[in-house]
**Q** 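Got a structure here, written out as C-alpha cells. Questions coming.
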Amino acid sequence: FIVDDERETVHQAFHARDQMAIQGDFRQAIDGGILGRVARERKTVVCRDTAAEPEYLSPIPGVASELCIPLLAGESLVAVLEVYASVPRAFADEDVGQMESLARQLALLIEKAGNLERTSTTRDFLENLIASAGDGILAMDRDGHITRWNLGMERLLGNTAAEVLGRRLDEISSQGAEPSLLAALQRAMLGEEVVRLDTTSCRRGGERVDLALTVSPIRGSGGAVEGISAIVRDITDRHRMEEGLRRATNEREALHLQLIQSEKLSA
C-alpha cells in the first residue's frame with residue numbers, strides 16, 4: 001500500500017494473487033486502523049488475532065492475523081507492506097524478522113524504480129527471493145504434479161528442479177511420501193491451510209531428514225483451488241538435540257533412582 005499525503009489515505013499499489021482479493025479502489029484513512037497507524041508511526045505492528053483487536057479494519061474478509069511493516073528508504077516512507085493470514089497467531093518472531101528484512105529490500109527496490117507502477121520489477125524480485133529462500137518452497141497443481149521447486153528444496157532433499165518438475169511428490173523418494181503428508185496435501189487441495197505439520201523424508205542416498213511444513217491452497221482469481229504451496233524447514237538437528245536432552249534426563253533420573261535404592265539397601 002502507498003500513502004497519499006495529500007488525501008491522507010493509504011491505498012493499494014500491488015497485491016499478491018490469492019483468494020483474498022482487494023478491490024482496486026480501496027482506500028483507508030491514515031488516522032484509522034492498523035494500516036494507518038503503521039503509516040503514521042512507521043513501526044511494525046503484529047496483529048495476532050484480528051477478532052480481539054478493536055483498532056483492526058480489514059479491506060477483505062477472512063483475515064485472522066496480520067503483519068504490517070513500513071517500507072522505509074532512509075527517513076522516507078515508501079509504502080506499507082501488509083501480510084495476511086486466515087488463521088490467528090500465524091506469525092512467529094522469526095517470520096516478523098524475515099519479513100522486515102524483505103521490507104527493507106523492497107523499499108530500496110521501489111525507491112530505485114522511481115514509482116510503484118513498475119510492478120514487474122517487484123514481481124521479478126519476489127520470484128528471485130522465493131528461488132533463493134533458505135527454506136524449501138514447492139508448489140503443486142490440482143493433479144499433484146510439482147510446478148515449483150526452489151533451491152531450498154534442492155538442498156533439503158538433493159533433487160534438482162529439473163528432476164522433479166512435472167512429477168508427483170510420492171514419486172521422488174523410493175520410500176514414498178509419509179501418509180500424514182499426503183493427507184495434509186489432500187486437505188489443502190480442499191481449501192484448508194495446514195499451519196504446521198512435522199513429517200520425515202529421505203534425502204537422495206537414503207539419509208533420513210525431519211521436516212516441518214506449512215501447506216496452503218493456491219486459489220485463482222475466482223476463488224477456486226488451483227493447486228497448493230508448501231514452505232518446508234529442516235528440523236533434523238533440533239530433533240536430535242531434543243532427543244539428546246531427553247536421553248540425558250532419563251539417564252540422570254535412572255542414576256538418581258539407583259542411588260536411592262542403594263541407600264535403602266545400605267540402611
Side-chain angles (χ1 to χ4, degrees), residues 1-5 7-73 75-111 113 115-130 133 135 137 193 195 214 216-219 221 223 229 231:
F1 294 82
I2 58 175
V3 180
D4 186 338
D5 292 322
R7 299 177 63 177
E8 296 187 339
T9 59
V10 184
H11 64 274
Q12 178 186 348
F14 172 80
H15 189 265
R17 180 187 179 196
D18 66 9
Q19 70 272 31
M20 297 179 175
I22 302 177
Q23 294 182 354
D25 59 352
F26 167 77
R27 282 181 178 268
Q28 180 176 311
I30 199 171
D31 61 353
I34 292 175
L35 183 61
R37 192 209 315 172
V38 171
R40 294 193 314 272
E41 300 178 356
R42 304 185 180 189
K43 294 181 180 179
T44 297
V45 172
V46 183
C47 181
R48 304 198 183 277
D49 188 352
T50 59
E53 175 54 70
E55 190 180 11
Y56 180 74
L57 299 174
S58 176
I60 51 178
V63 175
S65 54
E66 176 186 272
L67 172 59
C68 198
I69 305 172
L71 271 62
L72 299 170
E75 296 296 321
S76 301
L77 177 67
V78 176
V80 177
L81 175 65
E82 201 158 30
V83 186
Y84 300 108
S86 58
V87 294
R89 294 171 291 280
F91 303 109
D93 291 342
E94 182 179 358
D95 300 320
V96 176
Q98 290 177 345
M99 292 307 298
E100 286 181 329
S101 176
L102 169 62
R104 288 191 292 271
Q105 297 177 64
L106 282 174
L108 293 173
L109 178 68
I110 292 168
E111 183 187 48
N115 63 76
L116 292 175
E117 294 180 358
R118 296 172 60 178
T119 55
S120 61
T121 303
T122 304
R123 290 177 188 271
D124 290 342
F125 176 82
L126 293 174
E127 287 293 325
N128 291 333
L129 189 71
I130 290 172
D135 289 339
I137 299 176
E193 183 173 7
V195 176
T214 299
S216 305
I218 300 173
R219 298 181 185 270
S221 56
S229 65
I231 300 175

**Q** Taking all non-hydrogen atoms of both residues, which atom of Asp95 and which atom of Ala90 are closest, and how far apart?
**A** OD2-O, 3.7 Å
**Q** Side-chain contact, heavy-atom cut-off 4.5 Å: Arg104 with Leu72?
**A** no
**Q** Of all the heavy-atom pairs spanning Cys68 and Val80, show the shortest one and how long it is.
**A** SG-CG1, 3.4 Å
**Q** To the nearest 0.5 Å, what is the distance between CG (Leu35) and CZ (Arg40)?
**A** 10.0 Å
**Q** Test of understanding: with salt bridge (charged side-chain N to carboxylate O under 4.0 Å, His left out), list the residues that count as partners of Glu94, not counting sequence neighbours.
**A** Arg233
**Q** Between Cys47 and Glu53, what is the shortest heavy-atom contact and its length?
**A** SG-CB, 3.6 Å
**Q** With sequence neighbours excluded, what pairs up with Glu55 under the salt bridge (charged side-chain N to carboxylate O under 4.0 Å, His left out) test?
**A** Arg37
**Q** For the pair Ser65 (side chain) and Val87 (backbone), establish whether a donor and an acceptor sit closer than 3.5 Å, ignoring hydrogens and angles.
**A** yes
**Q** Can you tell whether the side chains of Asp93 and Arg48 come within less than 4.0 Å, N to carboxylate O?
**A** yes
**Q** Within a strict 4.5 Å, meaning less than it, do heavy atoms of the Leu108 and Gln105 side chains meet?
**A** no
**Q** Leu67 pairs by side chain to side chain contact (heavy atoms under 4.5 Å, CB included) with which of Thr44, Leu81, Ile34?
**A** Thr44
**Q** Taking all non-hydrogen atoms of both residues into account, name the closest pair between Val38 and Ile69 and its distance.
**A** CG1-C, 3.9 Å
**Q** Is Ser229 close to Ile137 at the side-chain level, that is, under 4.5 Å between some pair of heavy atoms?
**A** no
